[in-house]
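Structure record follows, encoded as structure tokens.
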Number of protein chains: 4
Amino acid sequence: MTLPTEPRKVRADARQNLDALLTAARTVFARSGVDAPAREIATEAGVGVGTLYRHFPNRAELVAAVFTSEIDATAAAAAELLAEHPPKEALDLWITRFTRFVATKQGLSDALRSGDPAFDALPALLMGKLGPALASLLDAAAASGDIRDDVDPLELLQAVGDLSHRAPSPDGTPNPMVRLLLDGLRTR
Amino acid sequence: MTLPTEPRKVRADARQNLDALLTAARTVFARSGVDAPAREIATEAGVGVGTLYRHFPNRAELVAAVFTSEIDATAAAAAELLAEHPPKEALDLWITRFTRFVATKQGLSDALRSGDPAFDALPALLMGKLGPALASLLDAAAASGDIRDDVDPLELLQAVGDLSHRAPSPDGTPNPMVRLLLDGLRTR
Amino acid sequence: MTLPTEPRKVRADARQNLDALLTAARTVFARSGVDAPAREIATEAGVGVGTLYRHFPNRAELVAAVFTSEIDATAAAAAELLAEHPPKEALDLWITRFTRFVATKQGLSDALRSGDPAFDALPALLMGKLGPALASLLDAAAASGDIRDDVDPLELLQAVGDLSHRAPSPDGTPNPMVRLLLDGLRTR
Amino acid sequence: MTLPTEPRKVRADARQNLDALLTAARTVFARSGVDAPAREIATEAGVGVGTLYRHFPNRAELVAAVFTSEIDATAAAAAELLAEHPPKEALDLWITRFTRFVATKQGLSDALRSGDPAFDALPALLMGKLGPALASLLDAAAASGDIRDDVDPLELLQAVGDLSHRAPSPDGTPNPMVRLLLDGLRTR
DNA sequence: CATGAATGAGCGTTCATTCAT
DNA sequence: TATGAATGAACGCTCATTCAT
């Protein structure tokens, strides 16, 4: 140790640590699920537990931080798809995208329904951001007569989530059951 | 050691304990989920933990034992329903029944996908018994032209399971998303 | 197997462990106060922490167990002293005895007023047993006109306790301040 | 105060921080006791923990600094009371004042006897300043024949302290046990 | 000088599992 | 065979304290 150099170490590396933590959390969540031991994440990030707790006083905040950017991007995609595609197509494409998001997030859906109070804030986060996005797509598709108009976006969101946590389907296509569900939406 | 003899007496009390354990496990699983503490189950059964471990060296065996009879009954119902109802109706009724089974089994579906090696044997159990049952229903309904013929019974089983662990819906009716899924099965 | 020997090891050494724990707790309480780490006590007793928790699910119960027998003995002494000595003398002797008890219990009085919910049950234990004992002595001494009759036994008990946790006074005599307090009790 | 030292600039801001820390510590000590987390105090003062540690390398120094002015004032009151009241009355009044001081200092007395080396310097501080003050009162009262002359002021100080940390008695009156103790002082 | 991010030991507590009886 | 006491690893979390900036 005590190398003469090292532009390394502290400074504004609070930021560095935060990044390291987010990255580590993403990795660990994927490997061991969202309720992996706090220490495992801290170690993976190369920091002490205290540092983890400093940045994220509770689990939900960490999970939220890890997924927030992707959630935002997914929500934003709704408007874009709607602008560039016919309603039902936009809906299907968005579901595909959402499906991919969920499939990647090993353990996210488990956490959502774990009932563990540590995750209480999570559903609100997801539903709050993605619910309206999906609602806009459903409204448009219903308006154009492609699908029925009695579908609760939140329920659908959960359902697709429940169906997608399996089978990360390498090509990114939603799995057959999701497609079946989408078929069920159609007006007959 | 391993004497070839004694096909006999299972020691009445051993049998009693086993029954007590199964009953207790059912109760506790319903109350606290399938990964409730081992001791909680033993206590509920009025036996020592050691006894629990003697009869069920690992969790999956206990879970399997607990659900086996119900699984069998559910599987058996397929033939009955098929005998008494038109194919598609039989299918819907059976799904309803299965739905109720899952909704009742607090934590079963979580366990199934927990990845925990303790539960490795479970999916095979369920799929092995219920898969064929559902397959027979699907075949009949497809043969009568009511539904498409490209649905994998195992996938459908899992899907309905995934959608049903929510909302125990007091009247026993499958929730809206399951109905949507069933709608998607229809030929168009 | 069933070798005829070794009366050693386990068996009813739950009892042995319990004794070891009580002894250890007494030692550790004396050394480090009643909120010494649980592990310290377990280690001192030569058992695992789990064993400590098995026997005493919470701190107050351990503390209570450690002190109960002595508390009982102290309470019982009141009647005896009253039978063999004039009231005021009995009172003084009992206070002396109580004083010795407290002085020995390093940290007991700290615990009593720590406000820590872990010790919530303790005051009731002490006051419940010793309060009536002291009350009987005060009543007798007041009846004989030796002391005033407006002294709350519980307050006095606490006061003597507060004054006695200091200065274990090797000869077992109450310290000067306790004597002053007792003087204050006298009718004038 | 009135130290003959440092006639030089104390860096106005350093002084400000110090004041802020003292005020904050007083507040926090009152709210959470003297072993409140260091960070809580620093935050309350609006400074970083580092600053706290710079000014007060250990807890006792902080506690000492916080209470010093009040201790001084209390000590000074002895002479004033003695000048304006008969000896025994002055003594009682001073005790009342001291009693109030202690009752206000949530946790001070606990700290004093915690044995924690962090507080080693505290007793000397208190005793050093208040001991002589009380001694002067005791001497006067003893000289006038009102009280006995064999009372150790330090012991009495501790005793009153021990009895006063309870029952902050809203009207500022010493509690009954303190009054009993004072009664015990009287010549008979 | 001040800051506050970082560290990591340490605590209470739970539970799966073993094994002497 | 049944029992349940014992074990101890593991976890979440808190803070005193240091030190790079």
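Naming convention: chains lettered A, B, ... in sequence-line order (proteins, then strands); numbering from 1 in each chain.
By the 4.5 Å heavy-atom criterion applied to side chains, Phe67(B) and Leu62(B) are not counted as neighbours. For the pair Phe29(A)/Ile41(A), a side-chain contact is recorded, criterion being any heavy-atom separation below 4.5 Å from C-beta on.
Rounding to whole angstrom units, CG of residue Asp35(A) and P of dT14(E) are separated by 18 Å. Atom-to-atom, CG of Leu62(A) to C1' of dC11(F) comes out at 16 Å; the value is rounded to the nearest Å. In this structure, CG of Asn58(D) is placed 12 Å from C1' of dA16(F), rounded to the nearest angstrom. Taking atom CD of residue Gln16(A) and atom P of nucleotide dA20(F), one finds them 15 Å apart after rounding to whole Å. The distance between atom CG of Leu21(B) and atom C1' of dT1(F), rounded to the nearest whole Å, is 13 Å. For Glu61(A) and dG12(F), the CD to P distance is 16 Å, given to the nearest whole Å. Put simply, CZ on Phe56(C) is 15 Å from C1' on dA6(F), counting in whole angstrom units. The distance from atom CG of Asp19(B) to atom P of dA2(F) is 13 Å, rounded to the nearest whole Å.
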Please report, to 0.1 Å, the donor-acceptor pairs under 3.5 Å made by any side chain of residues 20-28 of chain A, with sequence neighbours excluded.
unit_1: Thr23(A); atom_1: OG1; unit_2: Asp19(A); atom_2: O; d: 2.9
unit_1: Arg26(A); atom_1: NH1; unit_2: Val66(A); atom_2: O; d: 3.1
unit_1: Thr27(A); atom_1: OG1; unit_2: Thr23(A); atom_2: O; d: 2.9

Could you go through residues 45-52 of chain B and list every donor-acceptor pair under 3.5 Å that involves a side-chain atom there, pairing it with any protein atom two or more places apart or in another chain?
none

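Taking every heavy atom of residues 40-54 of chain D and every atom of DNA chain E, pairs under 4.0 Å involve Val47(D), Gly48(D), Val49(D), Gly50(D), Thr51(D), Arg54(D), by number.
Between His55(A) and dA6(E), a side-chain N or O to OP1/OP2 separation shorter than 4.0 Å is present.
In this structure, CG on Leu18(B) lies 5.0 Å from NE2 on His55(B), to the nearest 0.5 angstrom. Put simply, OG1 on Thr43(C) and CZ on Arg39(C) are 8.0 Å apart, with the number rounded to the nearest 0.5 Å.
Of the two residues near DNA chain E, Ala38(B) and Asn17(A), the one whose nearest nucleotide lies more 5' is Asn17(A).
The nucleotide whose nearest atom lies closest to any side-chain atom of Arg39(A) is, among dG10(E), dT17(E), dT13(E), dG10(E).
With sequence neighbours excluded, the residues satisfying side chain to side chain contact (heavy atoms under 4.5 Å, CB included) with Thr68(B) are Asp72(B), Leu125(B), Lys129(B). Residues satisfying the salt bridge (charged side-chain N to carboxylate O under 4.0 Å, His left out) criterion with Arg31(B), sequence neighbours excluded, are Glu40(B), Glu44(B).
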Given Watson-Crick or G-U pairs with both distances under 3.5 Å, what dot-bracket string fits DNA chain F, with | for other-strand pairs and [ ] for crossing?
-> .||||||||||||||||||||
